[in-house]
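Taking it in order: structure first as structure tokens, then the write-up.
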There are 2 protein chains.
Amino acid sequence: MARPRTPLLSRERIVVAALALVDADGLEALSTRRLATELSVSGPSLYNHFATKDELLDAVVDSVMGEVDLGMFADALDWRTALRDWARSYRAALAAHPHVVPVLAQGPGRRPNALRLADAVFGCLVQAGWPRGQATRIGALMRYFITGSALGSFAAGFPEDERLYADDYPHLGEAHRLAEHRRAVDEGAFETGLEALLDGLALRFERLERS
Amino acid sequence: MARPRTPLLSRERIVVAALALVDADGLEALSTRRLATELSVSGPSLYNHFATKDELLDAVVDSVMGEVDLGMFADALDWRTALRDWARSYRAALAAHPHVVPVLAQGPGRRPNALRLADAVFGCLVQAGWPRGQATRIGALMRYFITGSALGSFAAGFPEDERLYADDYPHLGEAHRLAEHRRAVDEGAFETGLEALLDGLALRFERLERS
DNA sequence: GTCTATATATAGATAGAC
DNA sequence: GTCTATCTATATATAGAC
């Protein structure tokens with residue numbers, strides 16, 4: 001096939017297909033061949049749009065960060081409400097694409113959406129009255145909790161084979177039933193942890209204001 | 001070479017070398033060929049000790065879980081002290097081997113050390129008076145926070161090139177200096193988050209006891 | 001901007017000699 | 001229990017025709 005009238009591919013089409021592939025079968029399933037097949041083109045055609053596979057992966061990762069809502073920081077509510085809403089949106093975006101979490105947990109690098117997110121969180125906290133050092137730590141610890149929440153289901157990690165636990169793990173007698181309640185357990189743990197974290201931070205903020 | 005008098009390899013020697021390789025260059029660097037070279041044997045020799053590469057990887061991952069101290073749960077101090085000490089030991093073990101975190105965050109599976117850990121944490125919380133449902137959530141949310149903390153450095157994720165931030169990210173003017181203080185930032189964030197979490201959980205525990 | 005053909009590297013795993 | 005030889009599959013990427 002020669003050059004088509006209108007291009008078959010675009011960076012966006014490629015990124016969308018690549019993300020779908022990663023979501024379905026994991027990062028290691030993202031090969032240029034498979035991606036090209038999915039897009040009904042030949043492998044080398046992709047190199048007209050991305051110089052290397054790494055450049056493509058970067059775009060895929062940042063597209064996930066682009067799904068995170070940052071609007072709550074503009075409206076300047078209190079820091080606690082903004083942080084809660086942001087955390088939920090952030091987790092939802094990551095949990096929809098768990099296989100990209102290990103990559104994006106390496107930090108923003110030069111990816112615009114990731115940098116925009118860091119900028120918004122830090123700006124909100126400083127504006128609310130947190131000292132810059134503390135604001136940095138809060139940004140970090142929130143990312144720790146959220147990426148950890150999206151990296152893997154807690155409930156689904158326990159095999160459903162009841163006999164596995166019986167003899168050796170006295171307290172795990174009901175662990176084989178965790179997978180059934182996967183969503184409730186995982187979301188309950190996230191919400192409990194989020195509120196506990198915010199309560200703990202609020203205690204520190206009160207102390208700060210009194211001094 | 002024929003069968004040697006004393007075996008050149010053992011499961012333990014292989015696991016230790018494999019972990020060193022993963023620590024140095026990441027999970028994808030763990031190939032049977034490279035591992036064999038590192039051990040001064042030929043590739044296929046490894047298959048006398050592990051049936052598949054997956055079986056080997058499982059052993060590597062569980063060896064990291066074996067580094068986590070669980071002694072604090074036996075002495076039955078208050079749950080808060082035990083949880084704090086355990087969290088620090090857990091994070092230290094994982095942070096020493098960040099490349100295995102995405103695998104072990106998938107849950108315990110059938111790995112004995114991982115199951116032992118889950119059993120100890122859950123048992124401690126229930127014994128301290130937490131309802132079983134709450135204890136499950138606390139085990140989950142602690143794992144979220146700890147794996148997230150060990151998955152990647154927050155500080156090291158920001159490029160040191162000052163010009164990157166200047167125009168587009170008004171609040172990140174000092175972000176290029178984060179990498180310098182990497183350890184202080186990452187450990188400070190972990191400690192702050194850990195104490196905030198424990199404070200928030202303690203609030204809930206008090207409420208529980210009053211009712 | 002897409003194609004076919006291909007270069008080059010590397011992977012996990014098996015067969016069978018010793 | 002280790003070896004050599006090899007099978008089979010798959011990867012990223014380039015050259016050059018159209």
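A note on names: the letters A, B, ... follow the listed sequences, proteins ahead of strands, and every chain is numbered from 1.
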Using a heavy-atom cut-off of under 4.0 Å over every strand shown, decide if A:Leu35 touches base, sugar-phosphate, or nothing.
nothing

Run the salt-bridge test on A:Arg91 and A:Glu191 with the 4.0 Å N-O cut-off and return the result as yes or no.
no

Do the charged groups of A:Asp161 and B:Arg110 touch, with an N to O distance under 4.0 Å?
yes

Regarding A:Asp25 and A:Arg34, does a basic nitrogen lie under 4.0 Å from an acidic carboxylate oxygen?
yes

B:Arg3 atom CZ is separated from D:dT4 atom P, nearest whole Å, by 17 Å

What is the distance from CG of B:Leu39 to C1' of D:dC3, rounded to the nearest Å?
15 Å

Scan residues 15-68 of chain B for pairs that pass ring-ring contact (aromatic ring centres under 6.0 Å, His included), counting only residues two or more places apart or in two chains.
none

Pairs touching residues 143-178 of chain B that satisfy ring-ring contact (aromatic ring centres under 6.0 Å, His included), sequence neighbours left out
B:Phe145-B:Phe190, B:Phe154-B:Phe158

Rounded distance in Å - CG (B:Leu57) to P (C:dA13)
12 Å

Counting just side-chain N and O atoms, does B:Ser31 come under 4.0 Å of either OP1 or OP2 of C:dA11?
yes

Return the CG to CZ distance between B:Leu198 and B:Arg84, rounded to the nearest 0.5 Å.
5.5 Å

Taking only heavy atoms on the protein side, list every residue of residues 42-56 of chain A lying under 4.0 Å from any atom of DNA chain C, sorted numerically.
A:Ser42, A:Pro44, A:Ser45, A:Asn48, A:His49

For DNA chain C, determine which residues of residues 6-25 of chain B have any heavy atom closer than 4.0 angstrom to one of its atoms, and list them numerically.
none

Salt bridge (charged side-chain N to carboxylate O under 4.0 Å, His left out) partners of residues 41-56 of chain B, not counting sequence neighbours, each pair once:
B:Arg11-B:Glu55

Closest nucleotide of DNA chain C for A:Val41 versus for B:Glu28: which of these residues is on the 5' side?
A:Val41

In whole angstroms, how far is the P atom of D:dA5 from the CZ atom of B:Arg33?
14 Å

In plain terms, say whether B:Glu195 and A:Arg204 are close enough for a salt bridge, that is, a side-chain N and a carboxylate O under 4.0 Å apart.
no

Residues forming a salt bridge (Lys or Arg N to Asp or Glu O under 4.0 Å) with A:Glu38, sequence neighbours excluded
none

Please report, rounded to the nearest Å, how far the P atom of D:dC3 is from the CZ atom of B:Arg5.
17 Å

